[in-house]
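Read through the structure below, which is laid out as structure tokens, and then see the notes.
Below, each value reflects all heavy atoms present in this structure, side chains not excepted, and no hydrogens, waters or symmetry copies. Counting starts at 1 for both ligands and their atoms, following the listed order.
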Amino acid sequence: MWQLEIHAGGGWAAAVAARLRERLAAHPHVRLCLPTGDTPAPAYRELAAAVARGETSLARAEVVLLDEFGGLPPDHPARCERMLRRELLDHVDLPEDRFHHPDLDAELARFAGVVARGGLDLAVVGLGANGHVGLNEPGSTRHAPTRRVELAPPTIERAARYGDGADPAPTWGVTLGMAELLAAREVWLLVTGAHKAPILKRVLEGPVGAEAPASLLREHPRLLVLADEDAAAQLAPSTAPR
Ligand code: PGA
């Protein structure tokens with residue numbers, strides 16, 4: 001079962017932040033996984049501003065990083081951990097010991113154990129232009145575990161954009177698996193921009209399958225798709241009544 005919410009471009013970030021605030025108010029200990037990238041950044045700015053105004057708090061929440069690129073130095077700007085700190089965590093009151101992120105290969109078992117122990121209340125994910133979720137690239141099944149993955153060529157191109165352009169782009173990464181994401185109590189898929197319209201249509205209206213791993217989220221009992229008008233522009237009226 002899934003639900004679709006479409007917001008005007010200018011109001012999308014505030015709407016997502018408002019929903020996060022609702023969850024934090026209802027469940028201050030919420031355990032959520034958060035993505036990085038261009039999509040969530042404006043929503044994180046709204047949320048950080050609300051924390052600064054004293055309207056919400058992450059002091060008792062727990063945050064799990066959705067994915068991480070491999071082979072980059074610890075302070076590299078394209079590392080997802082650095083991005084999430086820059087875009088959100090440096091500006092809110094989440095205690096450091098309540099932020100879980102995978103570091104390197106050797107660390108992956110520890111990270112997977114942390115996720116498995118408590119599970120996730122809420123998995124917030126973005127949508128890759130190739131249908132990936134986290135770094136679950138096309139071909140990932142619903143049983144794919146938290147693991148090391150080789151990146152698909154479009155993801156390598158995206159990763160290069162997140163960096164300063166000086167270093168070789170990562171070719172591998174680690175990601176929460178489809179299995180862990182589908183086991184979350186609730187999943188939110190964030191999608192913005194006209195460039196995501198074709199893949200959002202494919203994910204919501206095409207067949208459910210590993211060729212577009214995000215489509216597997218439709219099997220989750222509580223999936224909320226939070227799209228802006230540009231991303232939703234190609235959806236059929238039966239998917240998105242106008
Ligand atoms: P983006 O990345 O938010 O930067 O578009 C999404 C993704 O590739 O998962």
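Residues in residues 8-18 take part in no side chain to side chain donor-acceptor pair (under 3.5 Å) pair, two or more places apart or across chains.
Remark: Asp230 engages no residue in a salt bridge (charged side-chain N to carboxylate O under 4.0 Å, His left out) (not counting sequence neighbours). Every residue meeting the salt bridge (charged side-chain N to carboxylate O under 4.0 Å, His left out) condition with Arg85, not counting sequence neighbours, appears here in chain and number order: Glu81, Glu96.
Ordered by chain and residue number, the residues placing a heavy atom less than 4.0 Å from ligand 1 are Gly37, Asp38, Thr39, Leu127, Gly128, His132, Arg158, Tyr162, Lys196.
Residues Asn136 and Arg147 have side chains that bring a donor and an acceptor to within less than 3.5 angstrom of each other. Checking Thr171 against Glu150 by side-chain atom types alone, no donor-acceptor pair falls below 3.5 Å. Using a 3.5 Å distance cut-off with no hydrogens or angles, the side chains of His100 and Glu62 do pair a donor with an acceptor.
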